[in-house]
Amino acid sequence: MDGVARIVERLVDAGVRRSDLAASARSLAREEAPLRPSADAEALGALVGLGPLEPLLADDSVSDVLVNGPDDVWVERSGVLEPVDVAFPDAQAVVAMVERVVSPLGLRIDRASPAVDARLPDGSRLHALIPPASVTGPVVAIRRFTSAVRDLDGLVRTGTATEEAAAMLRGLVADRANLLVCGGTGAGKTTLLDALLGETGGGERIVTVEDAAELHPGPHAVRLEGRPPNAEGVGEITLRVLVRHALRLRPDRIVVGEVRSGEALDLIQAMSTGHAGSMGTVHANGPAEAMWRLETLALTGDGAPAPEAIRRQLWSAVDAIVHVERRGAGRRVATIADVEEGDLCERGAW
């Protein structure tokens, strides 16, 4: 067994924490070959996991890691972007890091396939582009699901929701209202959806459908996760296919982590056919925009009925919309609106 293989084996056996991974690899490299140049040990540390990004992802205050080039790395902490003193040796090292983490997932990134989207073992989402798709060189964005708040009381404590809003949301979940959570990127839609799931209790069978499994639906739950095509361009599992499977799993509630394509039609139909209390999130800047967007997405699905039929079904299926938004470094439940007879009635705004 060569030195690198021995080091990897020792790291696995020791169960090294992510924050200590690169440093431990460097230390073991020096033990294996104390007379070799220290640069070799540093290079090995960069070859483990996400290399120089590992300490950033071990920091609970970091929600996003953004690599704009080998020596241009940023993080988001508490809603604020800031540069960090982290660098890769060169652009090829960035590409090698991405290849290292996506290849075990059956994915690839190269000039023929210059973009990749993957879920890391800890649930983080990685998206990367390289030339020719990226003019500036390799670009990587890693979003972490870091929220430790998984109930409405926690959202009240952190200032994300008022007591009044939390009471309204509890009532909607208890009444098995069909809910949409809308907002922009990073507004806290998934965190709120997770908190709403915490109000459902343990007596219901919940089936979640997500691109990347981030939700924690409780004891009696089935979690379904989509999958992109593999390196050969096959094996894709779309959310629309999973929503259809979910309907056959005897769900009390179906929850779609993010509606972004033709699965909108299937979710609307599920809400209309006996699966009361179903939920989903959608990118939109307010309740009205959420309804328009869901209608547009439903029209993109194969076999979609006429727009007028989708519109009628949509407005009868959805009971309420919760709009969340970023305000400075924080997130807030901004509006809760009821959907009634083709109109939106604001229940509360904060």
Side-chain angles (χ1 to χ4, degrees), residues 61 63-64 76-80 143-201 204 206 208 210 214-218 253-260 264 267 271 276-294 314-315 317-340 343-350:
S61 68
S63 57
D64 291 84
E76 179 181 301
R77 288 189 177 96
S78 302
V80 178
R143 163 158 291 187
R144 302 179 63 214
F145 185 65
T146 57
S147 175
V149 178
R150 293 182 183 159
D151 57 35
L152 291 178
D153 288 335
L155 295 183
V156 172
R157 288 194 301 272
T158 60
T160 301
T162 64
E163 292 278 5
E164 181 186 11
M168 289 183 184
L169 292 171
R170 283 195 181 93
L172 288 169
V173 174
D175 292 342
R176 298 185 62 84
N178 292 323
L179 297 176
L180 277 182
V181 178
C182 70
T185 300
K189 299 186 296 297
T190 302
T191 298
L192 177 58
L193 190 60
D194 217 23
L196 294 175
L197 284 174
E199 298 295 322
T200 58
E204 300 180 52
I206 297 171
T208 64
E210 302 176 81
E214 297 177 326
L215 298 172
H216 304 81
R253 301 179 194 248
I254 293 176
V255 180
V256 180
E258 182 179 336
V259 182
R260 61 174 69 182
L267 178 61
M271 289 177 168
S278 293
M279 309 178 198
T281 77
V282 63
H283 279 278
N285 291 326
E289 289 84 351
M291 294 296 282
W292 299 335
R293 179 162 170 76
L294 204 63
L314 170 62
W315 284 85
V318 179
D319 296 313
I321 301 176
V322 186
H323 178 221
V324 292
E325 65 181 17
R326 297 180 65 159
R327 292 184 180 176
R331 279 81 168 164
R332 295 275 293 179
V333 174
T335 310
I336 300 175
D338 291 322
V339 181
E340 297 179 355
D343 199 5
L344 294 170
C345 302
E346 191 174 280
R347 179 183 287 215
W350 299 272

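Just so we're clear, the structure is a prediction, and the values are computed from it rather than from any experiment.
- In this structure, the side chains of T185 and H283 come closer than 4.5 Å at one or more pairs of heavy atoms.
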Let me see the working for L152 and E199 under side chain to side chain contact (heavy atoms under 4.5 Å, CB included), right down to the final yes or no. CA-CA 8 Å; L152 291 178; E199 298 295 322; 3.7 Å; yes
Assess whether side chain to side chain contact (heavy atoms under 4.5 Å, CB included) is satisfied between L196 and V181, documenting all intermediate values. CA-CA 10 Å; L196 294 175; V181 178; 4.1 Å; yes
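- Taking CD of E214 as the reference point, atom OG1 of T208 lies at 11.0 Å (rounded to 0.5 Å).
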Report the C-alpha separation of R144 and D64 in whole Å, then their side-chain angles, then the decisive distance to 0.1 Å, and conclude whether the side chain to side chain contact (heavy atoms under 4.5 Å, CB included) test is met. CA-CA 6 Å; R144 302 179 63 214; D64 291 84; over 6 Å; no
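- Counting all heavy atoms, side chain and backbone alike, A349 lies closest to E346 at CB-OE2, 3.4 Å.
- Between the CG atom of D151 and the CG atom of D194 there is a distance of 10.0 Å, given to the nearest 0.5 Å.
- In terms of the salt bridge (Lys or Arg N to Asp or Glu O under 4.0 Å) criterion, residue partners of E204 (sequence neighbours excluded) are, by chain and number, R176, R253.
- V324 has its side chain out of reach of R331: every pair of non-hydrogen atoms, C-beta onward, lies at least 4.5 Å apart.
- Judged as a side chain to side chain donor-acceptor pair (under 3.5 Å), the pairs with a partner in residues 152-163 (not counting sequence neighbours) are, in order, D153-R170, T158-T160, T162-W350.
- A distance of 5.0 Å separates CD in E258 from OG1 in T281, rounded to the nearest 0.5 Å.
- Taking every heavy atom of both residues into account, D343 and W315 meet most closely at N-CZ3, 3.3 Å.
- Distance CG/L169 to CG/L192: 6.0 Å, rounded to 0.5 Å.
- Taking every heavy atom of both residues into account, C182 and I321 meet most closely at SG-CG2, 3.9 Å.
- For L155 against A195, the heavy-atom pair with the smallest separation is CD1-CB, 3.7 Å.
- Scanning all heavy atoms of the two residues, the minimum distance from L344 to P287 falls at CD1-C, 3.6 Å.
- Between the CG atom in N178 and the CG atom in D319 there is a gap of 5.0 Å [rounded to 0.5 Å].
- A side-chain donor-acceptor contact under 3.5 Å links R332 to the backbone of G159.
- Between M279 and T200 there is a side-chain heavy-atom pair separated by less than 4.5 Å.
- Annotation: side chain to side chain contact (heavy atoms under 4.5 Å, CB included) contacts of E325 (sequence neighbours excluded): H323, R327, A334.
- For the residue pair S63/E76, the side-chain donor-acceptor check at 3.5 Å is satisfied.
- Between the CG atom of L197 and the NE2 atom of H216 there is a distance of 10.5 Å, given to the nearest 0.5 Å.
- M271 and V318 get closest at one heavy-atom pair: SD-CG2, 4.2 Å.
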Could you go step by step and tell me if T335 and V322 meet the side chain to side chain contact (heavy atoms under 4.5 Å, CB included) rule? CA-CA 6 Å; T335 310; V322 186; over 6 Å; no
